[in-house]
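Presented below is the structure to which this report refers.
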Amino acid sequence: MSGLRSLLTGGQRKLWHFHGGVHLPDEKTLSNGCPVAAAPLPAQLVLPLQQHIGAPARCRVSVGDQVLKGQLIAEPQGYISAPVHASSSGTVIAIEARPIPHPSGLSAPCVVIETDGEEHWAELPAPLAASAAELDACDPAALRERIRASGIVGMGGASFPTNVKLNPGKDQPIDTVVINGAECEPYITCDDLLMRERAADIVDGVRVMLHLVQAKRALIGVEDNKPEAATALNSAIAEAGVGDRVEVVVIPTLYPSGGEKQLIRILTGKEVPSHGIPAQIGIVCQNVGTAAAVADAVLRGQPLIERLVTVTGRGVVEPRNYRVPIGISAEAVIAASGGYRGELAKLVAGGPMMGFRLDTDLVPITKATNCLLALTPEESPDPGAPLPCIRCGRCAEVCPANLLPQQLYWHARAKELDKVQDYNLFDCIECGCCAHVCPSHIPLVQYYRFAKTESWTREQEKRAADHARERHAAREARLERQERERKAKLRKKKEAVAAGGAKPAAAGAKPAPAGTKPAAANAKPAPDGAQPTPDAKATPQADTADKQALIEAARRRAAEKKAMLAKAQETTATPVDQQVPAQGDAAAVGVDQVDGAVPAHPDAQSPEPTAATTKRAQPREAVAADQE
């Protein structure tokens, strides 16, 4: 099938083929014969805070609040996140954990709204363009922010925030936008009916995406079992006058041609690298439902609050497609189709190949829910207990990702996670082709999902341990640096104190108080500029006792000087014959200035003292008398 071609208006276009794939009974005629119907408004809406890949939204309402249709009730947290809006007007009656449609079957935080039946709309933002023809004047950043604020995510099942996907970055220029209208899985027909009834809106959304990523062309892939959808899209493209940029490509029906990597391979011949994304090869891929939601947000200001859901399978009375508000229960949608009929083998959210079983129908419809499949025992017979693998190799023949399912199964079963990743486990798209053809009825996809979950858990634990180790190492380094700085400061302080206590007196220093002993016997003051002897040099290792002795000596000298001055002030008058002559006055000065100096002899001749001399000499005489 490598030479597959599709006959289009205006000529032929070459198509490529991906490895593997299987032909399945499509069972689409069960639900695509009737137009889309509106589901009745339920009494309650349950809106999970996380309906997308990424961080859950943060609730902005409280119990008892009145909300309007289209009102923001939960805001995004972080870049990869999406807001949640009220699907109808009413009252918030609970914010609590409720069961959600998820393979784990666990509960998650939800906002529960009791509808009032009035359907009052909140004030919506103004359209960014009156028509798609005016999009060229719009700022791409404003368009991207409007898409983010409207809560639009991928509606083909992955639920990745659309604004993130439409912002690949300047280092990844986009050449082609691929729109996925293949809808390859059996039973599901919601995209088929959407393309038939809203082809013009899909084309408008494609034009918005082209403008956002500055791509040259858009390719809309549609399987050849949907001729009405392809005709409607071609008519809408002709009316919009964008046939030179937007093209519908009809492709052969082969499961899983609707896989992102497989559809890109069919339309362009390019291979998305392992562990890579389409933007790395210049391509962005979106679903037709996402394109219609983008048109609603940009041209009408409406957030994503409703979607088309296929209710099908021979276990319901009237299979068909419904336009439902986000948050309506699966039970209410099935009741709109007449309820269950006969014996029910299982209820599946999604298709028979990639969907997952629901234990209850009391779960809400989310942005990612495209189908409710009620299967009878005839449609889904019990395969029995799995048998040992016979190594037939059929799983490898049909794998669209060109993997080795048998080796993946053995290592996943043995919990050898490193070896599983060596075989590119995360390139598996969980399409179920391997399990469908396995003659031993081994649930291979379940083993791969288990291995992926364990690998993610181990990787998260490893990242947490690495982060804790880095934090501990950083703390130890910080404490060590602080200790070094503290010791350096203390060492500098000790050196400064020791150097200041052992330094000889500089020239011009104040005289030592009278009566103090010299530093050494018969020592003379050092002349100006003289270097101290080695014994007098201070050492950095001076201990605390030496410092304390210096401090005590300084205090003692200060006390003696203070006592000397007090005695001098107490002396009021002295007889003239007891006054010291002029030479004695000079000798007293010498006593006050030089420790150990000898006073002048009392028999020395001196002139008769004057009153001023007597008054000035009295304190010094007292000092001399005290020393004698």
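All values reported here derive from a predicted model rather than from experimental measurement. What's counted below: heavy atoms across the whole structure, side chains too, no hydrogens, waters or symmetry copies.
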Review point. Does atom CD of Gln214 have more than 12 heavy-atom neighbours from other groups under 6.0 Å away?
Key: yes
Review point. Got a donor-acceptor contact below 3.5 angstrom from the Lys28 side chain to the Ile188 backbone?
Key: yes
Point to revise | Partner set under ring pair (Phe, Tyr, Trp, His ring centres under 6.0 Å) for Tyr447, not counting sequence neighbours | key: Tyr409
Point to revise | His85 backbone acceptor or donor facing Lys69 side chain under 3.5 Å | key: no
Check your understanding: Can you tell me if NZ on Lys270 sees more than 12 non-hydrogen neighbours from other groups inside 6.0 Å?
Key -> yes
Exercise for review: Please indicate whether His275 has more than 12 foreign heavy atoms, meaning atoms of other residues, nucleotides or ligands, lying under 6.0 Å from its NE2.
Suggested key: yes
**Study point:** Any donor-acceptor pair under 3.5 Å from Ser107 side chain to Ala97 backbone
**Key:** no
Review point. Any donor-acceptor pair under 3.5 Å linking the side chain of Ser329 with the backbone of Pro364?
Key: no
Exercise for review: Give a yes or no on whether the backbone of Thr312 and the side-chain of Thr310 come within a donor-acceptor separation of less than 3.5 Å.
Suggested key: no
**Study point:** Neighbour count above 12 (heavy atom, 6.0 Å) for Lys419 NZ
**Key:** no
Review point. Glu119 and Ser88: side chain to side chain donor-acceptor pair (under 3.5 Å), yes or no, with the steps?
Key: CA-CA 6 Å; Glu119 293 281 82; Ser88 183; 2.3 Å; yes
**Study point:** Under-4.0 Å salt bridge between Arg300 and Asp201
**Key:** yes
Check your understanding: Mind checking what makes ring pair (Phe, Tyr, Trp, His ring centres under 6.0 Å) contact with Tyr423, not counting sequence neighbours?
Key -> His411
Study note, to complete from the structure: side chain to side chain donor-acceptor pair (under 3.5 Å) pairs touching residues 90-101, sequence neighbours excluded, are Gln66-Thr91, Glu96-Arg98
Exercise for review: For the pair Lys367 (side chain) and Ile326 (backbone), establish whether a donor and an acceptor sit closer than 3.5 Å, ignoring hydrogens and angles.
Suggested key: no
Exercise for review: Determine, for Glu430 against Arg449, whether the closest basic-nitrogen to carboxylate-oxygen distance falls under 4.0 angstrom.
Suggested key: yes
Review point. SG of Cys434 to CG of Leu444: how many Å apart, nearest 0.5 Å?
Key: 4.5 Å
Exercise for review: Look at Arg196 together with Asp191 and state whether they make a salt bridge at an N to O cut-off of under 4.0 Å.
Suggested key: no
Check your understanding: Are Lys226 and Asp26 close enough for a salt bridge, meaning some N to O gap below 4.0 Å?
Key -> no
Practice item. Kindly indicate, with the supporting measurements, whether the criterion side-chain contact (heavy atoms from CB on, under 4.5 Å) is fulfilled by Leu375 and Leu344. Key: CA-CA 6 Å; Leu375 297 174; Leu344 184 68; 5.7 Å; no
Check your understanding: Quick one: CE on Met354 to SG on Cys371, what's the gap to the nearest 0.5 Å?
Key -> 13.5 Å
Review point. Within the side chain of Ser31, is there an N or O that forms a donor-acceptor pair under 3.5 Å with the backbone of Arg320?
Key: no
Point to revise | Glu223 and Ser257 side chains, donor-acceptor separation under 3.5 Å | key: yes
Study note, to complete from the structure: Glu260 meets the side chain to side chain donor-acceptor pair (under 3.5 Å) criterion, sequence neighbours left out, with Lys165
Check your understanding: Should Glu459 and Lys462 count as an ion pair when the cut-off is N to O under 4.0 Å?
Key -> no
Exercise for review: Ignoring hydrogens and angles, state whether a donor on the side chain of Glu379 or Tyr187 is under 3.5 Å from an acceptor on the partner side chain.
Suggested key: yes
Revision key, fill the gap. Rounding to 0.5 Å, atoms CD1 (Ile334) and OH (Tyr340) come to a distance of 3.0 Å
Review point. Say you draw a straight line from CG of Leu254 to CZ of Phe18; how long is it, rounded to the nearest 0.5 Å?
Key: 4.0 Å
Review point. Does the distance from a Lys or Arg side-chain N to an Asp or Glu carboxylate O, for Glu27 and Arg314, drop under 4.0 Å?
Key: yes
Revision key, fill the gap. Value for OG1 (Thr253) from CG (Leu24), rounded to nearest 0.5 Å, stands at 11.0 Å
Point to revise | From CG (Leu143) to CG (Leu212), nearest 0.5 Å | key: 5.0 Å
Practice item. Please answer whether the main-chain N or O of Gly339 pairs with a side-chain N or O of Ser337 as donor and acceptor at a distance below 3.5 Å. Key: no
**Study point:** Results of ring pair (Phe, Tyr, Trp, His ring centres under 6.0 Å) for Trp456 - residues two or more places apart only
**Key:** Phe426
Check your understanding: With distance as the sole test, does Gln50 use its side chain to make a donor-acceptor pair with the main-chain N or O of Gly54 at under 3.5 Å?
Key -> yes
Point to revise | Donor-acceptor contact below 3.5 Å, side chain Glu183 vs main chain Asp192 | key: yes
Practice item. Before accepting this row, confirm whether a basic side-chain N of the pair Arg463/Asp466 lies closer than 4.0 Å to the acidic partner's carboxylate O. Key: no
Which donor-acceptor pairs under 3.5 Å do the side chains of residues 38-48 make with protein atoms, sequence neighbours left out?
none

